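First the structure, in the form of structure tokens, and then the observations on it.
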Amino acid sequence: MSIPQIGVGTFRLKEQAAIDSVRTALDVGYRAVDTAQIYENEAEVGQAIAESGVPRDQLFITTKIWIDELSADKLIPSLKASLEKLRTDHVDLTLIHWPSPQGAVPLKESLQALQQAREQGLTRQIGVSNFTIALLDEAINAIGAENIATNQVEISPYLQNAKLAAFAREKGVHLTSYMTLAYGKAVQDTMLQEIAAKHGATAAQVALAWAMHQGFSVIPSSTKRANLESNLKAGELKLDAEDLQRIAELDRGERLVDPEGLAPVWD
């Protein structure tokens, strides 16, 4: 099952806001939902899915293993706990959320535990998140590129991550873009608004379409039905060469997610 081009993200959504956002997203047509152990909303996501009435086999659910659970003895039990919260017997994709700080848990150990989880039917696919070129290369050497469904990383018009994208493309590893709208900054961007006006679209749709044009999956979040509906239609927007060139000029390596003590040495 390939990773959907667009899904709904749940980062920073708590309690009723998480339930409402996911339930609305499923109601307007999303079928991919992205969560994580550290978001502390897996139970709410599970409730929203259960209440939606959408059959499980139509959904693509992603969760991510937190750094405290990356060792061989902890990873599978923690994933089983996530499945219980999500009210499902499996997820479609499980990611290492962040590389183990200072390599406290060897990457190969975590990846092999993920492979065991897949063999046990707890997850359909496995992958990584926030991995640099060096870390992605290490993961490929450990288990093979064919076993890494995606690397979920921050990519936006202001942080285009071109070196990593080129490396991933060369190795055949798919990328998922998070923070594509740069905490809403893209929505206010004059250039993106100009491109949007040209196409009768929104600036958010332009940013998302730009990422999807490069083959990335996107997982924007919103608590508003109108935004969820609008974002979902971004895949229909066809940007031309001039649009893409203008967006390329916005790249300035502006990273918004860089937690001290957790982030690797970025490319």
Side-chain angles (χ1 to χ4, degrees), residues 1-13 18 20-36 39 41 45 48-49 52 54-64 86 91-95 124-125 127-129 149-161 165 168-169 173-187 189 192 195-196 199-239 243-244 247 256-257:
M1 189 176 185
S2 62
I3 298 175
Q5 194 175 38
I6 187 166
V8 64
T10 61
F11 175 55
R12 286 182 152 186
L13 297 181
D20 292 345
S21 175
V22 173
R23 199 158 49 191
T24 302
L26 295 174
D27 189 49
V28 303
Y30 288 81
R31 289 298 177 264
V33 182
D34 181 278
T35 184
Y39 297 173
N41 63 14
V45 169
I49 288 170
S52 74
V54 177
R56 176 66 184 89
D57 61 6
Q58 292 182 20
L59 295 170
F60 191 99
I61 304 172
T62 299
T63 196
K64 311 179 199 79
L86 288 163
V91 285
D92 299 280
L93 176 62
T94 304
L95 307 177
R124 295 273 173 85
Q125 299 183 71
V128 297
S129 180
T150 197
N151 180 17
Q152 186 179 122
V153 290
E154 181 181 351
I155 296 175
S156 77
Y158 316 106
L159 179 73
Q160 299 188 15
N161 236 326
R169 200 168 282 120
V173 175
H174 175 266
L175 293 184
T176 298
S177 161
Y178 74 76
M179 212 60 69
T180 318
L181 303 180
Y183 283 134
K185 185 174 181 179
V187 177
D189 190 282
L192 296 180
I195 295 170
H199 292 281
T202 68
Q205 286 174 333
V206 170
L208 295 169
W210 162 79
M212 288 189 276
H213 175 85
Q214 296 175 78
F216 309 147
S217 293
V218 294
I219 45 170
S221 66
S222 181
T223 56
K224 297 179 180 176
R225 176 180 285 264
N227 290 345
L228 288 165
E229 288 177 332
S230 177
N231 290 345
L232 189 59
K233 295 174 183 172
E236 301 167 12
L237 176 59
K238 304 300 179 191
L239 301 173
D243 301 330
L244 296 171
I247 296 170
L256 298 177
V257 180

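As a basis for the values below, the full set of heavy atoms in this structure was taken, side chains included, without hydrogen atoms, waters or symmetry mates. All of these numbers come straight from a predicted model, not from anything done at the bench.
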- Atom of P4, atom of A32 and distance for their closest heavy-atom approach: CG-CB, 3.7 Å
- All heavy atoms of R12 vs all of Y183, minimum pair found to be NH1-CE2, 3.4 Å
- Task: Output the distance between atom CG (L95) and atom OG (S129), rounded to the nearest 0.5 Å.
- Result: 6.0 Å
- For residues S222 and K224, report the shortest heavy-atom separation together with the two atoms involved. OG-N, 3.0 Å
- Starting from the C-alpha separation in whole Å, work towards a yes-or-no answer on side-chain contact (heavy atoms from CB on, under 4.5 Å) for Y39 and V45. CA-CA 11 Å; Y39 297 173; V45 169; over 6 Å; no
- Message: Could you check whether any side-chain heavy atom of L26 comes within less than 4.5 Å of a side-chain heavy atom of L59, counting everything from C-beta outward?
- Response: yes
- Determine, stepwise, if the pair T62 / Q125 fulfils side-chain contact (heavy atoms from CB on, under 4.5 Å). CA-CA 9 Å; T62 299; Q125 299 183 71; over 6 Å; no
- For the residue pair L175 and Q214, establish whether any side-chain heavy-atom pair is separated by less than 4.5 Å. no
- Item | Spacing of F11 atom CZ and M179 atom CE [to the nearest 0.5 Å] | 5.5 Å
- Query: Any side-chain heavy atom of I247 within less than 4.5 Å of one from L239?
  - Reply: yes
- Is there a side-chain contact between L86 and T35 (heavy atoms, below 4.5 Å)? yes
- Could you list the residues that satisfy side-chain hydrogen bond (donor to acceptor under 3.5 Å, both in side chains) with T63, not counting sequence neighbours? E42
Determine all donor-acceptor pairs shorter than 3.5 Å in which one atom belongs to a side chain in residues 199-213; sequence neighbours excluded.
from	atom 1	to	atom 2	distance (Å)
H199	NE2	D243	OD2	2.6
T202	OG1	Q205	N	3.0
Q205	OE1	T202	N	2.9
Q205	NE2	S230	O	2.9
Q205	NE2	S230	OG	3.2

- Task: Identify the heavy atoms of A48 and R23 that sit nearest to each other, and give their distance.
- Result: CB-N, 3.9 Å
- Message: L159 vs L256, test: side-chain contact (heavy atoms from CB on, under 4.5 Å). Steps then yes/no.
- Response: CA-CA 9 Å; L159 179 73; L256 298 177; over 6 Å; no
- Item | Distance, nearest 0.5 Å, that separates CD1 of I3 from OG1 of T150 | 4.0 Å
- Supply the atom-to-atom distance Y30 OH to I6 CD1, rounded to the nearest 0.5 angstrom. 4.5 Å
- Query: Is I219 close to Q152 at the side-chain level, that is, under 4.5 Å between some pair of heavy atoms?
  - Reply: yes
- Message: Using 0.5 Å steps for rounding, measure from the OG atom of S2 to the CG atom of D92.
- Response: 11.0 Å
- How long is the span from the CD1 atom in I49 to the CZ atom in R56, to the nearest 0.5 Å? 7.0 Å
- Nearest heavy-atom neighbours spanning A36 and N41: O-OD1, 4.3 Å
- Note on the structure: Applying side chain to side chain contact (heavy atoms under 4.5 Å, CB included) to T94 and not counting sequence neighbours gives I65, L79, V91, L114, T123
- Task: Return yes when atom NZ of K185 has more than 12 non-hydrogen atoms of other residues, nucleotides or ligands closer than 6.0 Å, and no otherwise.
- Result: yes
- Message: For a quick check under 3.5 Å, do D189 and Y158 share a side-chain donor-acceptor pair by atom type?
- Response: yes
- Task: Taking all heavy atoms of E154 and all of V257, pick out the closest pair and write down the distance.
- Result: OE1-N, 3.0 Å
